[in-house]
Amino acid sequence: MSDDFARFGLLKGYANLPDRFYARVKPTPVRRPNLIQFNRTLALQLNLNISALEELGLAAVFSGNTLIGSDSIAMAYAGHQFGHFVPQLGDGRAILLGEAQDREGIRREIQLKGSGRTPYSRNGDGRAALGPVLREYLLSEAMYALGVPGTRALAAVTTGEWVAREAMVPGAIFTRVALSHVRVGSFQFFAARADQEGIKLLADYVINRHYPELKATERPYLELLRVVGERQASLIARWMHMGFIHGVMNTDNMTLSGETIDFGPCAFLDSYDPATVYSSIDSGGRYSYENQPHAAQWNLARLAETLLPLISSGSDSDSNSNSNSDKAVNLATSVIEKFPSQFEAYWLAGMRVKLGLVSHEAEDLQLARDLLIAMHHGQADFTRTFRRLCDVAGAVPGGRADTFLAEEATASVRTLFSDRSRFDDWLERWRIRLERELPDTQQGRAVLMRAANPAFIPRNHRVERVIRAALEHEDFQPFEELLTVLSSPYTDQAGFEDYSLPPRPEERVLQTFCGT
Ligand code: AMP
Ligand code: MG
């Protein structure tokens with residue numbers, strides 16, 4: 001069997017960096033690993049040679065009992081947690097096994113989460129509980145299917161051991177795949193130690209790996225800041241379009257690659273309220289739905305601080321170092337200040353698609369914002385409102401369209417609003433706006449809109465329900481069914497309509513927990 005594992009052929013990536021970037025550590029074996037879910041499609045994309053492995057072999061690999069890759073490490077990082085700087089965090093319960101080169105030639109890191117203690121565990125047990133593992137699996141794969149960049153789920157296993165949380169709960173291990181796990185907090189780790197060489201090595205590593213085109217620019221480290229800002233602006237806009245609330249946007253949870261990472265207490269909006277917070281630990285609402293762009297910009301500023309010495313050393317050599325550092329601050333500040341307008345541009349572009357608008361008019365931004373205001377006012381369900389607007393657009397009155405269909409579609413979206421006064425006004429404005437669209441874009445409008453407005457999101461009450469079935473009855477079938485429905489979020493699925501329904505009042509989930 002060991003030959004089979006050798007053929008996994010994991011590559012060494014981050015472990016090529018100097019020793020102070022990580023701790024060499026092996027997973028702590030678990031008693032009785034059992035495979036819950038394995039993402040075979042992703043394994044094939046990753047070129048992992050798994051065909052020879054039966055379920056037991058897979059459980060052994062994805063529990064860490066059988067080690068694949070000989071350079072497993074826990075990465076060192078720091079981070080601002082809810083605004084407070086912690087100079088040393090690091091992978092306290094995660095172990096990077098190595099990298100796979102996928103079918104497109106892109107290298108991806110494979111990491112176990114919940115695989116035992118590391119030098120960064122502090123008081124933690126290095127383990128993960130089954131509930132949060134199932135949650136992360138569902139949420140990360142749902143985001144992938146929705147087209148939002150993020151880490152992927154490769155496997156989930158139970159360990160046959162108990163872990164102590166609010167009660168004793170079943171232990172599990174999650175395997176995630178990322179372009180890389182480098183975070184803003186990774187840079188802060190070296191900045192906190194005044195380790196300029198470390199920052200440069202890390203910045204060069206990130207540039208080589210994700211943004212090699214920056215090497216040829218005049219100021220690669222300033223460009224790095226710019227491109228990371230751009231990726232984040234685009235990413236957060238995608239979150240907002242989907243009604244996604246990350247919940248813990250600490251600097252150690254913001255990647256340089258632009259991937260969503262750490263699906264802890266994250267959740268999707270049901271009825272629209274921009275101030276929504278689900279995470280039990282976010283009492284001040286720092287990471288509420290509407291605050292997400294601000295939080296990303298704040299994190300970007302923390303990244304900029306770590307890069308300033310590199311940015312200034314790239315300045316003209318004949319000026320003195322004080323003016324170099326002033327110049328670096330000015331350059332970095334101008335990048336950070338652009339974030340809100342970049343975000344808004346991405347947000348508006350995506351909202352136009354959601355609303356079936358191809359042409360650009362100056363009032364579109366206000367039109368999009370006013371829909372949200374009407375939804376807030378009418379406590380309308382975020383996802384359903386947009387999905388039903390697709391039907392309205394498909395039956396748009398005027399010309400030959402069927403007025404009855406249009407009326408029916410309009411009535412069905414109106415029922416989502418407890419107070420329709422603002423929405424009715426908005427609907428009229430939207431109709432008039434649609435009439436100004438080119439006729440040849442009208443045909444496929446509903447189709448295009450349905451490809452941007454999902455029918456299925458991982459609704460909190462559904463996620464909790466499948467986790468309960470797993471915990472209380474060891475029944476994983478509901479988890480698998482939900483995972484399957486979420487893999488085609490933009491397609492109406494006959495027989496699964498219930499999965500698109502918002503919670504009934506008694507089903508509403510008001511708080512989510514990271515469960516660490
Ligand atoms: P997170 O909330 O998952 O972003 O984690 C924040 C920090 O706490 C990271 O350094 C984690 O590695 C660490 N951590 C979270 N849970 C555990 C645990 N069960 N054991 C050890 N460290 C943990
Ligand atoms: Mg984290």
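We count ligands from 1, going down the list as the structure has it; atoms in each ligand are counted the same way. Index from 1, following the sequence.
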Next on the checklist: Less than 4.0 Å is my threshold; does some heavy atom of Gly264 fall inside it relative to ligand 1?
Outcome noted: no
Next on the checklist: Tell me which N, O or S atom from Asp262 is the closest to the Mg ion (ligand 2).
Outcome noted: OD2
Next on the checklist: Classify the ring geometry of Tyr272 against Tyr289: parallel below 30°, tilted from 30° to 60°, perpendicular beyond 60°.
Outcome noted: perpendicular
Checklist entry - Which part of Tyr120 is near ligand 1, with near meaning a heavy atom under 4.0 Å away: side chain, backbone, both or neither? => result neither
Checklist entry - Going by the atom numbers of ligand 1, which of them fall below 4.0 Å from some non-hydrogen atom of Asn253? => result 4 (O)
Next on the checklist: So, applying side-chain contact (heavy atoms from CB on, under 4.5 Å) with Ser72, which one of Leu67, Leu112, Ile110 is it?
Outcome noted: Leu67
Checklist entry - Purely on distance, is any nitrogen or oxygen of Asp262 under 3.5 Å from one on ligand 1? => result yes
Next on the checklist: What I want to know is whether Asp91 and ligand 1 share at least one N or O pair that is separated by under 3.5 angstrom.
Outcome noted: no
Next on the checklist: Side chain or backbone, does Leu89 bring an N or O within less than 3.5 Å of an N or O on ligand 1?
Outcome noted: no
Checklist entry - With a cut-off of 4.0 Å, which atoms of ligand 1 are near a heavy atom of Gly126? => result 18 (C), 19 (N), 20 (N), 21 (C)
Checklist entry - Counting each atom of ligand 1 from 1 as listed, which ones have a heavy atom of Arg165 under 4.0 Å away? => result 19 (N)
Checklist entry - Would a line drawn from the ring center of Tyr287 to the ring center of Phe82 be shorter than 6.0 Å? => result yes
Checklist entry - Between the side chains of Arg504 and His461, is a donor N or O closer than 3.5 angstrom to an acceptor N or O? => result no
Checklist entry - Where do Leu256 and Val184 come nearest, in terms of heavy atoms and distance? => result CD2-N, 3.6 Å
Checklist entry - Are Glu99 and Arg209 close enough for a salt bridge, meaning some N to O gap below 4.0 Å? => result yes
Next on the checklist: As an exercise, identify every atom of ligand 1 less than 4.0 angstrom from a heavy atom of Gly90.
Outcome noted: 9 (C), 10 (O), 11 (C), 12 (O)
Checklist entry - Do Arg165 and Asp125 sit within salt-bridge range, that is, some charged N less than 4.0 Å from a carboxylate O? => result yes
Item to check | Interfacing atoms of ligand 1 (cut-off 4.0 Å, heavy-atom, Arg122) | outcome: 7 (C), 8 (O), 10 (O), 13 (C)
Checklist entry - If only atom types and distance count, is the side chain of Asn250 paired as donor or acceptor with the main-chain N or O of Gly79 below 3.5 Å? => result no
Next on the checklist: If you apply the rule side chain to side chain contact (heavy atoms under 4.5 Å, CB included), what do you find for Tyr278 with Leu510, and how did you get there?
Outcome noted: CA-CA 6 Å; Tyr278 287 109; Leu510 300 176; 5.9 Å; no
Next on the checklist: Quick check on contacts: which atoms of ligand 1 are under 4.0 angstrom from a heavy atom of Arg127?
Outcome noted: 19 (N)
Next on the checklist: List ligand 1 atoms under 4.0 Å from Asp252, heavy atoms only on the residue side.
Outcome noted: 4 (O)
Checklist entry - Is Arg117 in contact with ligand 1, taking contact as a heavy-atom separation below 4.0 Å? => result no
Checklist outcome for this item: Checking heavy-atom distances from atom 16 (N) of ligand 1 to each of Gln88, Gln81, Arg93, the winner is Arg93
Item to check | Those atoms of ligand 1 less than 4.0 Å from some heavy atom in Ser121 | outcome: 21 (C), 22 (N)
Checklist entry - Is Arg24 close enough and on-axis enough to Tyr22, meaning under 6.0 Å and within 45°, for cation-pi? => result no
Next on the checklist: So that I know where these two stand, are Tyr14 and Tyr205 an aromatic pair - ring centroids less than 6.0 Å apart?
Outcome noted: yes
Next on the checklist: If I apply the N/O under 3.5 Å rule, does Asp125 come out as touching ligand 1?
Outcome noted: yes
Next on the checklist: So, 2.8 Å as the limit: is an N/O/S atom of Asn250 located closer than that to the Mg ion (ligand 2)?
Outcome noted: no
